[in-house]
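One structure is given here, and the rest of the page talks about it.
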Number of protein chains: 2
Amino acid sequence: MKFSRGTDYALHAMAYLASQQEKGGKIPVQELADKLAVSSTYLSKILARLVKMKYIIATSGAKGGYSLPAGWEDISVYNVIVAIDGEPTLFEDSFNHGDECKIQRLMMEVETDMIEALKNRRIVELI
Amino acid sequence: MKFSRGTDYALHAMAYLASQQEKGGKIPVQELADKLAVSSTYLSKILARLVKMKYIIATSGAKGGYSLPAGWEDISVYNVIVAIDGEPTLFEDSFNHGDECKIQRLMMEVETDMIEALKNRRIVELI
DNA sequence: TAATTATAGATATTATGAGTCTATAATAAC
DNA sequence: GTTATTATAGACTCATAATATCTATAATTA
């Protein structure tokens with residue numbers, strides 16, 4: 001019952017990029033990896049998912065690195081979580097119980113509220 | 001990012017016991033296991049945790065089985081989850097970041113709200 | 001004493017998270 | 001154009017936890 005460490009890395013990376021945003025520079029993965037005390041190849045894998053979702057921009061080559069796209073202020077914590085872990089689900093709905101199951105319904109309500117809360121929180125808050 | 005299947009079994013077992021409560025009888029694990037389509041020995045292991053927390057009562061011997069204790073109407077969904085999975089934590093706080101970490105703080109807020117919601121929901125609602 | 005029920009321990013299986021290593025592609029500096 | 005720098009992608013390993021199963025034991029009633 002917790003989000004993956006990958007999500008944690010991703011959120012910290014996003015927060016760091018956001019905090020460096022004024023300078024307009026690109027941040028190489030090695031710098032991010034040093035900050036987070038994680039291997040750069042592994043962090044690359046995680047960041048690749050954010051690139052795929054266009055939450056960050058990757059630039060190859062010398063003086064390259066990662067940066068934030070226009071409109072990054074709208075990216076939510078939920079966006080990042082889904083990019084890394086996929087849609088969060090408190091219960092496995094492929095089990096026994098369909099819509100008529102009160103347990104399933106109750107958990108869905110709690111889950112929906114949690115998701116709503118995460119959608120309302122944005123990366124820009126983390127600077 | 002989901003609760004264990006064990007929690008699911010436990011909630012369904014509790015709901016079933018509650019629904020049979022009027023009859024005052026004890027329900028053997030085999031009957032519960034049949035309902036949930038799970039092996040009785042495995043379900044026993046899960047129910048043992050509820051017994052330890054006094055959320056259900058186990059009676060050995062012929063005509064024995066599981067039943068609910070006095071005051072069972074106050075047992076929350078959260079109680080059951082903690083009994084099976086332990087305290088839920090959205091993030092591993094043993095990582096890098098202490099109280100000053102904004103990500104940690106944000107996730108703690110979301111987590112606290114979720115826990116509060118689960119504490120406000122009781123087994124009695126599931127009948 | 002025998003039947004019925006729960007409990008506990010050892011073990012197996014499987015899935016997933018977490019991470020490494022290596023090769024490849026893209027781009028800028030020279 | 002060559003080289004250095006950067007990101008990307010795939011195969012693979014390792015550890016851990018969930019999800020059970022099986023067997024033996026303890027408790028209680030008929």
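Protein chains get the first letters and strands the later ones, always in sequence-line order, with residue 1 at the start of each. Not measured: the values here are computed from a predicted model.
- Not one N or O on the side chain of B/Asp8 forms a donor-acceptor pair closer than 3.5 Å with the backbone of B/Arg5.
- Residue B/Ile56 contributes atom CD1, which lies 12 Å from atom C1' of C/dT7 at whole-angstrom precision.
- A/Val38 comes within contact range of no nucleotide atom at all, as no heavy-atom separation falls under 4.0 Å.
- Among residues two or more places apart in sequence or in another chain, the salt bridge (charged side-chain N to carboxylate O under 4.0 Å, His left out) test is passed with A/Glu109 by B/Arg121.
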Can you build the contact string for nucleotides 10-15 of chain D? Use B for base contact, S for sugar-phosphate-only contact, and - for no protein heavy atom under 4.0 Å. BB----
Restricting both atoms to N or O, compile the protein contacts to nucleotides 3-5 of chain D shorter than 3.5 Å, with distance only.
none

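- Between A/Gly6 and B/Val51, the residue anchored closer to the 5' end of DNA chain C is B/Val51, taking for each the nucleotide with the nearest heavy atom.
- Mapping A/Ser4 and B/Tyr66 onto DNA chain C by nearest heavy atom places B/Tyr66 closer to the 5' end of the strand.
- The hydrophobic cluster containing A/Val124 does not contain A/Ile57, counting ILVMFWY residues as joined when their side-chain heavy atoms lie under 4.5 angstrom apart, directly or transitively.
- Partners of B/Thr41 under the side chain to side chain contact (heavy atoms under 4.5 Å, CB included) rule, at least two apart in sequence or in another chain, are B/Ser39.
- Nearest heavy-atom pair across B/Leu36 and B/Tyr9 is CD1-O, 3.6 Å.
- A/Ile46 places its CD1 atom 11 Å from the P atom of C/dT20, with the value rounded to the nearest Å.
- One interatomic measurement links the two molecules: NZ of A/Lys54 to P of D/dA7, which rounds to 19 Å at whole-angstrom precision.
- A straight line from CG of A/Leu36 to C1' of C/dA18 spans 15 Å, rounded to a whole angstrom.
- Identified under the side chain to side chain donor-acceptor pair (under 3.5 Å) test for residues 53-66 of chain B, with sequence neighbours left out: none.
- We find that CG of A/Leu43 is positioned 10 Å from P of D/dA7, with the value rounded to whole Å.
- Considering only side-chain atoms of B/Tyr42, the nucleotide from D/dT21, C/dT7, C/dT20 that sits closest is D/dT21.
- Taking CG from B/Asp85 and OG from B/Ser4, the interatomic distance works out to 3.5 Å, rounded to the nearest 0.5 Å.
- The closest donor-acceptor contact from the side chain of B/Glu111 to the backbone of B/Thr89 lies at 3.5 Å or more, if one exists at all.
- Applying the side-chain hydrogen bond (donor to acceptor under 3.5 Å, both in side chains) rule to A/Asp34 yields the partners A/Gln30; only residues at least two apart in sequence or on another chain are considered.
- Separating the NZ atom of A/Lys2 from the P atom of C/dT16 is a distance of 17 Å, rounded to the nearest angstrom.
- Separating the NZ atom of B/Lys26 from the P atom of D/dT28 is a distance of 11 Å, rounded to the nearest angstrom.
- In the set C/dA6, D/dT21, C/dG19, C/dA6 carries the atom at the smallest distance from any side-chain atom of B/Pro28.
- Contact annotation: B/Ser39 side-chain N/O to D/dT21 OP1/OP2 distance is under 4.0 Å.
- The nucleotide whose nearest atom lies closest to any side-chain atom of B/Arg5 is, among C/dA6, D/dA20, C/dA18, D/dA20.
- Going from atom CD of B/Gln30 over to atom P of C/dT7 covers 15 Å, rounded to whole Å.
- A continuous path of ILVMFWY side-chain contacts below 4.5 Å connects A/Met107 to B/Tyr16, so both sit in one hydrophobic cluster.
- Using a 4.0 Å cut-off, some side-chain N or O of A/Tyr9 falls inside it from OP1 or OP2 of C/dG19.
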